[in-house]
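Side chains included, hydrogens not; waters and symmetry mates left out as well; all remaining heavy atoms used. Every number for a ligand or one of its atoms is a count from 1 in the order of the listing. Each residue takes its place number in the sequence, starting with 1.
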Amino acid sequence: MLEIVTMVLGPVATNAYLVGEPQSQKAVVIDPAWDGEFIAAEARRHGWQIDQLWLTHAHFDHIGGVAGIMKQFQPAPSIALHPADKPIYEARGGAALFGMRIEPTPEPNVWLKDGQTLQLGEQCFEVRHTPGHTPGHVVFYCADEKLVFCGDVIFWGSIGRTDLPGGDYSTLMNSIKTQILTLPDDTRLLSGHGGETLVGVERRDNPFLS
Ligand SMILES: [Zn+2]
Ligand SMILES: [Zn+2]
């Protein structure tokens, strides 16, 4: 059983998910949004070692805490990103577009691809490539726990914006249809912003999908 700590951090209220596996006392941070030292302290409070950072995509509000966490753990956690988001990552997540700044972030060292399996202790997550919000956006799906960390692809009653560099509306809609709405209705959607919802609820009520 995984334990999930949700933290709303940074200038645009991004959800950072600290996911711990109590048996191994290992943890992963999905989208270390901001305030890396704070996320690290929260992991320590639970007795967890953060050994992986998984990035749904490289926008600055999802990677602003990477540098801060890296300094807090030895060995430093691995950083996983889809290669199609490398240019955004190298441009510091596009922070300058928003008049923001983030600390220089170390290079990713795990390059994600569609269908890949990631491991947190005994639990498996499937990587699903979901371009449209950014070219290298991915979601992390855990079938056993019936949940998907879906970044900025889909939100409670909304969908990701497609007006930023590399965004494309029809690509996003295709990703939602093929990679999200194909999951069982009772799958929890843990998004990059706002509260959680369920696949079935969005399939029925999301005004952007009808
Ligand atoms: Zn984004
Ligand atoms: Zn975001």
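- D114 pairs in a side chain to side chain donor-acceptor pair (under 3.5 Å) with only one of the listed residues (H82, Q179, R128), which is Q179.
- For CD of E122, the number of neighbouring non-hydrogen atoms (other residues, nucleotides, ligands) closer than 6.0 Å is 12 at most.
- By the 30° and 60° cut-offs, the orientation of the rings of F98 relative to F60 is tilted.
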Tabulate below the donor-acceptor pairs under 3.5 Å that side-chain atoms of residues 28-42 make, not counting sequence neighbours, or state none.
{"unit_1": "D31", "atom_1": "OD1", "unit_2": "T56", "atom_2": "N", "d": "2.8"}
{"unit_1": "D31", "atom_1": "OD1", "unit_2": "T56", "atom_2": "OG1", "d": "3.2"}
{"unit_1": "D31", "atom_1": "OD2", "unit_2": "T56", "atom_2": "OG1", "d": "2.7"}
{"unit_1": "D31", "atom_1": "OD2", "unit_2": "H62", "atom_2": "ND1", "d": "2.8"}
{"unit_1": "E42", "atom_1": "OE1", "unit_2": "R45", "atom_2": "NE", "d": "3.4"}
{"unit_1": "E42", "atom_1": "OE2", "unit_2": "R45", "atom_2": "NH2", "d": "2.8"}

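- In plain terms, the two heavy atoms of H57 and L81 that are nearest each other are C-CD1, 4.1 Å.
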I would like to know whether L198 and R203 meet side chain to side chain contact (heavy atoms under 4.5 Å, CB included); could you show each step before the answer?
CA-CA 9 Å; L198 293 169; R203 189 197 309 283; over 6 Å; no

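- For the Zn ion (ligand 2), the set of protein N/O/S atoms nearer than 2.8 Å consists of D61 OD2, H62 NE2, D152 OD2, H193 NE2, ordered by chain and number.
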